[in-house]
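Here the structure is laid out as structure tokens; the discussion comes afterwards.
What you see is a predicted model, and the numbers here were worked out from it, not measured in a lab.
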Amino acid sequence: MKIDGTRSHDRATELVLGYYAAFNRGDWDDMLALLDEGVIHDLNQGPREIGRDAFAAFLQRMAHSYREQLRDIVVMVSPDGRRAAAEYVVHGEYLADDEGLPPARGQRYVLPGGAFFELRDGRLARISNYYNLQDWIAQVG
């Protein structure tokens, strides 16, 4: 399939891939620009956070404790372009203690993960992330 940007499906695919490209560059401003102002963020085994400002604070917390790259990204989008899902493999390093988790000592980890998205008006309106926390703890513990 050629992504030509003329279909909702194509635009949604490009949006999600752009989000992950910005993540891999560590470009938080570009990531935030792709989000709806009232973005809903469902953290893996954590609370729901709402709003672009809350997402920005989340990114700062993550950047403090983790260095990650996502690889083998596969994006699947509904035909109408309103929902998407992604599967990927996280290659990371645990840099600084994160509250409630094991102590950080620079441990490296490789972890499959996924996310579900809702798209509205050319922006990401919901991001729900999932990974196996017990697998991550076993790798860094």
Side-chain angles (χ1 to χ4, degrees), residues 1-5 7-141:
M1 172 182 79
K2 179 181 178 195
I3 297 176
D4 63 10
R7 299 182 313 160
S8 316
H9 178 275
D10 296 340
R11 289 189 300 275
T13 301
E14 290 173 337
L15 180 62
V16 173
L17 288 173
Y19 170 82
Y20 286 128
F23 176 88
N24 280 341
R25 290 191 312 273
D27 190 337
W28 305 151
D29 289 337
D30 274 3
M31 282 182 76
L32 293 169
L34 301 174
L35 306 181
D36 183 81
E37 183 63 38
V39 65
I40 295 169
H41 183 211
D42 294 319
L43 287 89
N44 188 70
Q45 298 185 28
R48 173 172 272 193
E49 297 181 345
I50 299 176
R52 197 179 293 153
D53 290 342
F55 200 93
F58 165 78
L59 289 175
Q60 292 306 312
R61 290 191 313 269
M62 290 294 294
H64 175 74
S65 295
Y66 308 93
R67 182 175 24 248
E68 295 181 332
Q69 287 285 295
L70 304 183
R71 300 183 190 153
D72 303 319
I73 300 168
V74 176
V75 176
M76 297 151 277
V77 177
S78 64
D80 64 5
R82 294 174 52 194
R83 300 214 184 245
E87 185 177 27
Y88 46 78
V89 178
V90 180
H91 293 255
E93 185 177 358
Y94 189 26
L95 304 172
D97 293 2
D98 197 352
E99 185 178 339
L101 296 173
R105 298 180 313 277
Q107 304 96 309
R108 294 187 183 275
Y109 52 92
V110 176
L111 186 70
F116 295 99
F117 300 89
E118 183 178 334
L119 295 86
R120 185 173 45 248
D121 299 325
R123 302 234 185 269
L124 300 173
R126 179 181 56 85
I127 304 167
S128 300
N129 291 298
Y130 297 95
Y131 59 88
N132 185 326
L133 181 60
Q134 296 306 312
D135 182 7
W136 181 84
I137 289 171
Q139 290 185 53
V140 304

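- Between L15 and L34 the shortest side-chain heavy-atom distance falls below 4.5 Å.
- Between the side chain of R123 and the backbone N or O of A33 there is at least one donor-acceptor pair closer than 3.5 Å.
- With contacts defined as side-chain heavy-atom distances shorter than 4.5 Å, the pair R82/L119 does not qualify.
- The pair R7-E14 does not count as a salt bridge, with every side-chain nitrogen at least 4.0 angstrom from each carboxylate oxygen.
- V39 approaches L124 most closely through the heavy-atom pair CG2-O, 3.5 Å.
- Taking all atoms of both residues into account, the shortest heavy-atom contact from A125 to R120 is CB-NH2, 3.3 Å.
- For the pair V140 and P102, the minimum side-chain heavy-atom distance is below 4.5 Å.
- Heavy atoms only, all atoms of each residue included: V16 and A84 are closest at CG2-CB, 4.0 Å.
- E87 CD: 12 or fewer foreign heavy atoms inside a 6.0 Å radius.
- In this structure, F23 and E68 have side chains that are in contact, with non-hydrogen atoms separated by less than 4.5 Å.
- Residues T13 and R11 have side chains that never bring a donor and an acceptor to within less than 3.5 angstrom of each other.
- For CZ of F116, the number of neighbouring non-hydrogen atoms (other residues, nucleotides, ligands) closer than 6.0 Å is 12 at most.
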Full working for side chain to side chain contact (heavy atoms under 4.5 Å, CB included) between L32 and D30: CA-CA 5 Å; L32 293 169; D30 274 3; over 6 Å; no

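- Taken from CG in L59 to NE2 in H64, the straight-line distance is 14.5 Å, to the nearest 0.5 Å.
- Between atom OG of residue S128 and atom CZ of residue R48 there is a gap of 6.5 Å, rounded to the nearest 0.5 Å.
- No more than 12 heavy atoms of other residues, nucleotides or ligands sit less than 6.0 Å from atom CZ of R67.
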CA sep, side-chain torsions, deciding dist, call: I40, I127, side chain to side chain contact (heavy atoms under 4.5 Å, CB included): CA-CA 6 Å; I40 295 169; I127 304 167; over 6 Å; no

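- Of the N and O atoms on the side chains of D98 and S65, not one donor lies less than 3.5 Å from an acceptor on the other residue.
- The two residues Y131 and Q45 come nearest to each other via the heavy atoms O-NE2, 4.4 Å.
- Identified under the salt bridge (charged side-chain N to carboxylate O under 4.0 Å, His left out) test for residues 100-117, with sequence neighbours left out: E93-R108.
- For the residue pair H9 / D80, no side-chain donor-acceptor distance below 3.5 Å is found, with atom types taken as modelled.
- Using a 4.5 Å heavy-atom cutoff, the side chains of L17 and I73 are in contact.
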Test side chain to side chain contact (heavy atoms under 4.5 Å, CB included) applied to V77 and F117, step by step: CA-CA 9 Å; V77 177; F117 300 89; over 6 Å; no

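- A 4.5 Å side-chain heavy-atom check between D135 and P112 finds at least one atom pair inside the cut-off.
- Counting heavy atoms from C-beta outward, L95 and Y66 have side chains that stay 4.5 Å or more apart.
- Residues Q139 and Y94 have side chains not in contact (no heavy-atom distance under 4.5 Å, counting atoms from C-beta outward).
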Worked verdict on Y88 versus Y20 for ring pair (Phe, Tyr, Trp, His ring centres under 6.0 Å): CA-CA 10 Å; Y88 46 78; Y20 286 128; 5.5 Å; yes

N132 vs N44, side chain to side chain contact (heavy atoms under 4.5 Å, CB included): CA-CA, chis, key distance, verdict: CA-CA 9 Å; N132 185 326; N44 188 70; over 6 Å; no

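- Atom CG of L43 and atom NE2 of H41 lie 4.5 Å apart (nearest 0.5 Å).
- Checking side-chain atoms of D97 against main-chain N and O of A104 turns up a donor-acceptor pair under 3.5 Å.
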